[in-house]
Amino acid sequence: MRTRGGILVANVIAGLALGYSVANIGFGDYAELNRMFTFQDLRMLLAFAGAVAIIVVVFAVLRVRRTPGRIHAGVIPGAILFGSGWAISGGCPAIPIVQVASGYLPALVTIAGIVVGIRLCRWANTRYFHLDSGSCQR
Amino acid sequence: MTEYWPWWAGAAGLALTTINYAVTTDRSFGVSGAWDRVLHWRAERRVERLNARFADERVLTAAIAAATADQFGAGSAAPAAHPTPHGDARAPRQDGPPPAAPSLSLASLLPAPLISQVALLLSIFVGGWVAAVTAGRFQLRLDMGDAFGQIVTDKPIAMIGALFIGGVLVGFGTRLAGGCSSGHGLNGCGRLQPVSIVATAIFFGTGVLVSFLLWKVI
C-alpha cells in the first residue's frame, strides 16, 4: 500500500473509519464535548487516551518509526489557539466535517473559519514567522 | 436513536484507524495537514511535479552515490562492511539485540499525493454521514444543539460569529502548532514524539480551561 494508488486507498479507508468512529464516539456533539472538557463525563476522554495507549503499545511492538519533529516556537501558541477554538466552536479540523454530515448546517461556518485560519497561517508564516511547517503531516 | 459508543469501543476504533494507516503506508495522517495541502493545491501541485522528476528511487540513489564518489572518492559512496581477519566482508558484529533501525525509503519521505488528501476529507464526510444515518442521529438543523445554545450563545448571529472565530482559531492554531488531534494527538503521541505530547497537553489543557470559563463564568 505504499504506491500512489495504495496511499489513496489507505486514505479513503482512514477517512471512512475516522469519520465513522468520531461520529459514533460523539465528538460532533457539543454537549458531549463540553462534558469531556469539564470532566463531567470521562467517556470521550478515556476513548481518546485509550486509543493513544493502544497505539503506543502497538507502535512499540511493531517498531514503527518516528517522524522528524521538534518543538519549535509555533507549537505552544498554536496549541493554545487550537484548544481555545475547539472549546468555542466544538470542532477540530475533522469534527466540523462530521457535524455537517450529521445535519448540523452551521458547522459549515466553522469550516469556513478553518479555511480562513489555515490560509492566514501559511501567509503569516511565509511572511513573518518562518517556522517549521509541521511535524506530523506528510 | 442509538447511544454513543462506550469508551473502549471508541478507543479501539481510533486506534485501529491510526495503526492500520501507519502499518500499510509507513506514514502518519493528519486532518489539518490535509486541509492545508488541499487549500494550497496550486503550490502543492508544483511540488508534486518537482518530486515526480525524482520518482525513480534507484536513479536518485545512483545519482547521489555518483556525486558523493566525485566529491569524496569512490570508497565513500557506499557503506563499507568491516573486513574480518579472514578477508571476507560481513556485517559488523553486534552484542545484544540489534538496534531498531527501520528502513527509510525515499517514497515514504515524500508527501502523500494531493488527491489522497482530498479523498481523506471526503471520506471523513461519508463515514460521518453513514454513522449518523445508521444510528438514527441524522437531522438537518440550523443550530448546533441545545448545549451550544446554553453554554455559548443561542442568538443566531452570535452563533455564526462564535463558530467562525472558533474555526479561524482552529485553522490557524493547528497549522502553527504543526498538527491537530489526529496528527499530534493520535499519530504523534502514539510515537511518543515530544513535540506532539507537548502540543496535545497544551491544546487539551486550553480546551479544559476555556470550556470551564464558558460553562461557569461566561
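Both backbone and side-chain heavy atoms feed into the values below; hydrogens, waters and symmetry mates do not. Since we're looking at a predicted model, the values are computed, not measured. Every chain is numbered from 1 and lettered A, B, ... according to where its sequence line falls, protein lines coming before strand lines.
- Interface remark: A53(A) contributes no atoms to any contact with chain B (heavy atom separation under 4.5 Å).
- Listed for the R191(B) side chain is no donor-acceptor partner under 3.5 Å among the backbone atoms of V64(A).
- The minimum heavy-atom distance linking P93(A) with T174(B) is given by the pair CG-CG2, 3.9 Å.
- A donor-acceptor contact shorter than 3.5 Å is absent between the side chain of R175(B) and the backbone of L120(A).
- Annotation: maximal heavy-atom pairing with chain A below 4.5 Å, among L16(B), V133(B), L209(B), I202(B), occurs at I202(B).
- You'll find the side chain of V115(A) reaches within 4.5 Å of the side chain of L39(B), heavy atoms only.
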### Message
W215(B) vs F37(A), test: ring pair (Phe, Tyr, Trp, His ring centres under 6.0 Å). Steps then yes/no.
### Response
CA-CA 10 Å; W215(B) 181 39; F37(A) 276 143; over 10 Å; no
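- Residue contact with chain A, scored on non-hydrogen atoms closer than 4.5 Å, is absent for V38(B).
- Checked against the 6.0 Å centroid threshold, F48(A) and W7(B) do not count as a close aromatic pair.
- Using a 4.5 Å cut-off on side-chain heavy atoms (C-beta onward), F204(B) and M36(A) make contact.
- In this pair, F212(B) and F39(A) present their aromatic rings tilted. The plane angle is within the 30 to 60° band.
- Taking I95(A), L33(A), N34(A), V52(A) one by one and counting their heavy-atom pairs under 4.5 Å with chain B, the maximum is reached by N34(A).
- With a 4.5 angstrom heavy-atom cutoff, I111(A) touches chain B only via side-chain atoms.
- Using a 4.5 Å heavy-atom threshold, the side chains of L14(B) and L18(A) count as touching.
- Highest contact tally toward chain B, considering only A60(A), A17(A), G28(A), is held by A17(A) [criterion: heavy-atom pairs under 4.5 Å].
- The most heavy-atom pairs under 4.5 Å with chain B, out of V22(A), N24(A), L62(A), come from N24(A).
- If you tally non-hydrogen atom pairs under 4.5 Å between each of V98(A), V58(A), T110(A) and chain B, the highest count goes to T110(A).
- A distance of 7.5 Å separates CZ of F148(B) from OG of S89(A), quoted to the nearest 0.5 Å.
- Considering all non-hydrogen atoms of both residues, L214(B) and A87(A) come closest at CD1-O, 3.7 Å.
- Both the backbone and the side chain of V12(A) come within less than 4.5 Å of a heavy atom in chain B.
- Proximity of H40(B) to I118(A): side-chain heavy atoms (C-beta onward) are separated by under 4.5 Å at one or more points.
- Nearest heavy atoms, Y20(A) versus V130(B): CE1-CG1, 4.1 Å.
- Proximity of F29(B) to I7(A): side-chain heavy atoms (C-beta onward) are nowhere separated by under 4.5 Å.
- Interface check for chain A: of the options S123(B), G173(B), G128(B), A22(B), the most heavy-atom pairs under 4.5 Å are formed by S123(B).
- Rounding to the nearest 0.5 angstrom, the gap separating the SG atom in C92(A) from the CZ atom in F203(B) is 8.0 Å.
- Top candidate by heavy-atom pairs under 4.5 Å with chain A, chosen from P113(B), P194(B), G10(B), A11(B), is A11(B).
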### Task
For the pair Y4(B) and D29(A), evaluate side chain to side chain donor-acceptor pair (under 3.5 Å) and give the outcome as yes or no after the intermediate values.
CA-CA 10 Å; Y4(B) 291 122; D29(A) 185 334; 2.8 Å; yes
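- Within the 4.5 angstrom heavy-atom criterion, no atom of L122(B) approaches chain A.
- Counting heavy-atom pairs under 4.5 Å between each of I80(A), V116(A), V100(A) and chain B puts I80(A) at the top.
- Under the 4.0 Å criterion applied to side-chain N and carboxylate O atoms, E32(A) and R137(B) are not assigned as salt-bridge partners.
- Counted within 6.0 Å of CZ on R45(B), heavy atoms from surrounding residues, nucleotides or ligands total 12 or fewer; the atom is thus considered open.
- Across D143(B), T134(B), N20(B), the residue that shares the most heavy-atom pairs under 4.5 angstrom with chain A is D143(B).
- Contact of F59(A) with chain B is made through the side chain alone, with heavy-atom distances under 4.5 Å.
- Neither the backbone nor the side chain of L42(A) comes within contact range of chain B; no heavy atoms are under 4.5 Å apart.
- Under the 4.5 Å side-chain criterion, counting only non-hydrogen atoms from C-beta, I151(B) is in contact with Y30(A).
- Annotation: side chain of N11(A) is not in contact with side chain of V118(B) (no heavy-atom distance under 4.5 Å).
- Of all non-hydrogen atoms in T17(B) and A14(A), the two that sit nearest each other are CG2-O, 3.6 Å.
- Counting heavy-atom neighbours within 6.0 Å of L140(B) CG, excluding the residue itself, gives a total above 12.
- Most heavy-atom pairs under 4.5 Å with chain A, from the set A119(B), A199(B), G205(B): that is A199(B).
- Of the atoms belonging to L105(A), heavy atoms from both backbone and side chain fall under 4.5 Å from chain B.
- Scanning both residues, A101(A) and A132(B), for their nearest heavy atoms gives O-CB, 4.2 Å.
- Listed here is the closest heavy atom pair of M144(B) and P106(A): SD-CB, 3.8 Å.
- Atom OG1 of residue T38(A) and atom CG of residue L213(B) lie 12.0 Å apart, to the nearest 0.5 angstrom.
- The environment of W129(B) atom CH2 is sparse: at most 12 non-hydrogen atoms of other residues, nucleotides or ligands sit within 6.0 angstrom.
- Your options are S181(B), G145(B), A162(B), and the one with the most heavy-atom pairs under 4.5 Å with chain A is S181(B).
- Counting heavy-atom pairs closer than 4.5 Å to chain B, the top-ranked of the candidates G50(A), A112(A), A23(A), A79(A) is A79(A).
- Distance CG/L176(B) to NE2/H72(A): 7.0 Å, rounded to 0.5 Å.
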